[in-house]
Novice: 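Sending over a structure as structure tokens; questions will come in a sec.
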Amino acid sequence: MSHLVHTSQDGCRIVEIMNNAKEPSSSECNCPTEQMDWLRVQDSLKGQLITEDDFKWRLPTREKEGSCEILKYVGGVDLSFSKDDSSIACGTLVVLDLQTLKVVYEDSSIVRLQIPYIPGFLAFREAPVLLELLDKMKNNAHCFYPQLLMVDGNGLLHPRGFGLACHIGVLADLPTVGVGKNLHHVDGLTQSRVRELLQAADSPENVLPLIGDSGYTWGAAMQSSQGSLKPIFISLGHRISLTTAIEIVRMTCRFRVPEPIRQADIRSRERLRNNQ
DNA sequence: GCGACAG
DNA sequence: ATCTTGTCGC
């Protein structure tokens with residue numbers, strides 16, 4: 001079933017680091033040991049990942065049979081960091097009305113993060129705050145609770161096929177889409193290669209499937225706005241297909257970064273300035 | 001050995 | 001992620 005025959009580069013590197021470790025220092029709980037736990041967590045959660053459309057709503061553009069819930073509330077999450085103290089962060093959740101692209105809900109939380117950013121393990125740093133914001137909203141049975149969540153970070157487009165968007169999607173049991181502003185090099189996919197493919201592409205849609213050396217499709221690159229040659233990188237997070245993910249991202253792009261994520265970014269940065 | 005590495 | 005002003009253009 002799984003075409004992810006990609007060997008874990010990170011896993012190899014970690015083992016290498018452990019072999020070279022000189023001091024099995026007490027419980028400084030630095031990297032190697034904890035990262036091996038994280039690898040197991042990612043592998044485990046990945047077993048619950050759903051990579052096709054799995055929701056009861058439909059897109060407003062798809063005028064099919066009526067009497068079906070329509071996608072209206074799209075959420076977005078992001079974190080901003082203090083320039084002074086990089087361990088201080090503000091996590092923000094916004095919900096937009098898909099038709100008007102106006103924010104109908106906003107909540108944020110300022111926290112002190114203990115976990116550093118390690119490529120391939122972003123979720124262990126950022127997911128807890130964001131999941132808490134979602135949980136808080138769900139417990140209040142808020143009527144604006146998102147039917148879909150856009151995440152600032154990748155989904156399948158990840159060394160082990162399980163980025164932040166997948167992580168949040170599975171743990172919150174919510175359809176999610178990952179949007180990266182920079183390419184995480186995986187399976188032979190590089191910036192230069194994407195650039196040349198994007199130019200050579202006949203695609204009238206300004207989208208390009210990201211197919212790696214293995215033949216696996218990790219996501220898509222999209223030139224989302226006229227003014228920017230620099231693409232965004234879309235990958236499915238959970239309970240959605242890549243095709244549907246692309247369609248929804250396109251619907252929410254007023255500028256390069258889709259509005260739900262852009263608003264979460266703007267507002268989290270703003271709150272950090274005025275509050276601490 | 002060297003480079004690459006989401007936010 | 002963050003450090004940073006103006007500037008060119010619709």
Side-chain angles (χ1 to χ4, degrees), chain A residues 6-14 16-17 20 31 35 38-39 42 76-93 108 110-131 149-169 176-195 210 212-213 218-222 225-237 245 249 254-258 261-262 264-273 276:
Chain A
H6 195 59
T7 50
S8 174
Q9 307 164 337
D10 288 357
C12 295
R13 188 176 57 195
I14 290 164
E16 187 177 319
I17 292 173
N20 295 336
C31 309
Q35 285 186 25
W38 290 347
L39 287 173
Q42 289 180 330
V77 286
D78 186 37
L79 295 203
S80 289
F81 296 84
S82 164
K83 60 173 185 176
D84 309 314
D85 185 344
S86 60
S87 71
I88 299 291
C90 174
T92 296
L93 163 65
S108 61
I110 293 181
V111 294
R112 164 160 266 135
L113 298 181
Q114 307 287 355
I115 310 223
Y117 165 65
I118 299 171
F121 299 99
L122 178 64
F124 296 91
R125 174 170 165 86
E126 299 198 349
V129 200
L130 304 176
L131 287 169
L149 185 69
M150 295 186 43
V151 177
D152 186 6
N154 297 319
L156 265 199
L157 181 53
H158 176 275
R160 293 164 297 282
F162 199 78
L164 177 62
C166 300
H167 201 107
I168 291 178
T176 55
V177 173
V179 178
K181 298 184 286 295
N182 293 287
L183 178 65
H184 192 161
H185 293 196
V186 153
D187 195 17
L189 295 167
T190 65
Q191 319 241 15
S192 57
R193 176 152 174 66
V194 170
R195 272 199 306 264
L210 293 171
D213 290 338
W218 299 86
M222 175 195 282
S225 65
Q226 286 267 351
S228 71
L229 269 295
K230 186 174 182 177
I232 56 175
F233 302 92
I234 305 166
S235 58
L236 64 92
V249 167
R254 300 210 306 156
F255 306 104
R256 184 172 89 103
V257 175
I261 290 176
R262 183 169 165 270
D265 177 70
I266 291 174
R267 290 161 194 252
S268 66
R269 178 183 271 104
E270 189 170 88
R271 160 129 198 236
L272 212 44
R273 287 183 68 256
Q276 287 195 21

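All chains are named by letter (A, B, ...) in the order of the sequence lines, taking the proteins before the strands, and each is independently numbered beginning at 1. Since the structure is predicted, the reported quantities are computational estimates derived from the model, not experimental observations.
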Novice: What is the separation between atom CD1 on A:I168 and atom P on B:dA6, rounded to the nearest whole Å?
Specialist: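 Spelled out: CD1 on A:I168 to P on B:dA6 is 17 Å.
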Novice: Using modelled atom types only, decide if a donor and an acceptor are shared between the side chain of A:S108 and the backbone of A:T92 within a distance under 3.5 Å.
Specialist: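 No: the side chain of A:S108 does not pair with the backbone of A:T92.
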Novice: What dot-bracket string describes DNA chain B from 5' to 3', counting Watson-Crick and G-U wobble pairs whose defining distances are under 3.5 Å, with [ ] for crossing pairs and | for pairs to another strand?
Specialist: .......
Novice: With sequence neighbours excluded, tell me which residues meet salt bridge (charged side-chain N to carboxylate O under 4.0 Å, His left out) with A:R195.
Specialist: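 Testing A:R195 for salt bridge (charged side-chain N to carboxylate O under 4.0 Å, His left out), a comparison that skips the adjacent residues, returns none.
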Novice: So, does A:R269 get its side chain near the phosphate of C:dT2, meaning an N or O under 4.0 Å from OP1 or OP2?
Specialist: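 Indeed, a polar side-chain atom of A:R269 lies that close.
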Novice: Regarding A:L79, tell me which of base, sugar-phosphate or nothing describes its non-hydrogen contacts under 4.0 Å with the strands shown.
Specialist: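 Contact class for A:L79: none.
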Novice: Before accepting this row, confirm whether a basic side-chain N of the pair A:R112/A:D85 lies closer than 4.0 Å to the acidic partner's carboxylate O.
Specialist: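 Salt bridge: yes.
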Novice: Measure the distance from CG on A:D265 to C1' on C:dT2 and round it to the nearest whole Å.
Specialist: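 My rounded result for the distance is 12 Å.
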Novice: Check every atom of B:dC5, B:dG7, B:dA6 against the side chain of A:Q191 and return the nucleotide holding the closest atom.
Specialist: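 Ranking B:dC5, B:dG7, B:dA6 by closest atom to the A:Q191 side chain puts B:dC5 first.
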Novice: Run the side-chain contact (heavy atoms from CB on, under 4.5 Å) test on A:V179 and A:V151 for me, step by step, so that the C-alpha distance in whole Å, both residues' side-chain angles and the decisive distance to 0.1 Å come before the verdict.
Specialist: CA-CA 6 Å; A:V179 178; A:V151 177; over 6 Å; no
Novice: Nearest whole Å is fine: how far is B:dA6 C1' from A:W218 CH2?
Specialist: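 Computing the A:W218:CH2 to B:dA6:C1' distance gives 14 Å.
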Novice: Would you check, one step at a time, whether the test side-chain contact (heavy atoms from CB on, under 4.5 Å) holds for A:L39 with A:F121?
Specialist: CA-CA 9 Å; A:L39 287 173; A:F121 299 99; 3.8 Å; yes
Novice: Tell me every residue that passes ring-ring contact (aromatic ring centres under 6.0 Å, His included) with A:F162, counting only those two or more places apart in sequence or in another chain.
Specialist: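 Per chain and number, A:F162 pairs via ring-ring contact (aromatic ring centres under 6.0 Å, His included) with A:H167.
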Novice: Would you mind telling me which of B:dA4, B:dG7, B:dA6 lies closest to the side-chain atoms of A:H185?
Specialist: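 The answer is B:dA4, which lies nearest to the side chain.
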Novice: With sequence neighbours excluded, what pairs up with A:Q42 under the side chain to side chain donor-acceptor pair (under 3.5 Å) test?
Specialist: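 Here the qualifying residues are A:R160.
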Novice: Which dot-bracket notation, 5' to 3', represents the base pairing of DNA chain C when pairs are defined as Watson-Crick or G-U with both distances under 3.5 Å, crossing pairs as [ ], and inter-strand pairs as |?
Specialist: ..........
Novice: Report which part of the nucleic acid A:F81 touches: base, sugar-phosphate, or nothing (heavy-atom distance under 4.0 Å, all strands).
Specialist: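 It contacts sugar-phosphate atoms only.
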Novice: Which of the following nucleotides, C:dC3, B:dC5, B:dG7, is nearest to the side chain of A:K83?
Specialist: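 Ranking C:dC3, B:dC5, B:dG7 by closest atom to the A:K83 side chain puts C:dC3 first.
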Novice: Contact class for A:N154 (heavy atom, under 4.0 Å): base, sugar-phosphate, or nothing?
Specialist: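 Result for A:N154 = base.
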Novice: OP1 or OP2 of B:dC5 versus the side-chain N and O atoms of A:H184: is any pair under 4.0 Å?
Specialist: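 For A:H184, the contact criterion (side-chain N or O under 4.0 Å from OP1 or OP2 of B:dC5) is not met.
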Novice: Quick one: list whatever passes salt bridge (charged side-chain N to carboxylate O under 4.0 Å, His left out) with A:K181, sequence neighbours left out.
Specialist: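 By the salt bridge (charged side-chain N to carboxylate O under 4.0 Å, His left out) rule, A:K181 matches A:D152.
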Novice: After noting the C-alpha distance and the side-chain angles of A:V249 and A:I232, does the key distance pass the side-chain contact (heavy atoms from CB on, under 4.5 Å) rule?
Specialist: CA-CA 10 Å; A:V249 167; A:I232 56 175; 3.9 Å; yes
Novice: With a 4.0 Å limit, can you tell me whether A:K181 has a side-chain N or O closer than that to the phosphate oxygens OP1/OP2 of C:dA1?
Specialist: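 Looking at the OP1 and OP2 atoms of C:dA1, one of them is under 4.0 Å from a side-chain N or O of A:K181.
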Novice: Whole Å only: how far is the CG atom of A:D85 from the C1' atom of C:dT2?
Specialist: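 Rounding to the nearest Å, CG of A:D85 and C1' of C:dT2 are 13 Å apart.
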Novice: Whole angstroms only, please: what is the NE2-C1' distance between A:H158 and B:dA6?
Specialist: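 Whole-Å distance recorded here is 8 Å.
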Novice: Looking across every strand, which nucleic acid part, if any, lies under 4.0 Å from A:S80 by heavy atom: base, sugar-phosphate, or nothing?
Specialist: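 Answer is sugar-phosphate: A:S80 comes under 4.0 Å of backbone atoms only.
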Novice: Which part of the nucleic acid does A:G163 contact within heavy-atom distance under 4.0 Å: base, sugar-phosphate only, or nothing?
Specialist: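 Base: the residue A:G163, judged by heavy atoms under 4.0 Å, touches a nucleobase.
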Novice: Which heavy atom of A:P159 sits nearest a heavy atom of A:H184, and at what distance?
Specialist: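 It is CD-CE1, 3.7 Å.
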Novice: In whole angstrom, give the distance that lies between atom CH2 of A:W38 and atom P of B:dC5.
Specialist: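 Distance, rounded to whole Å: 20 Å.
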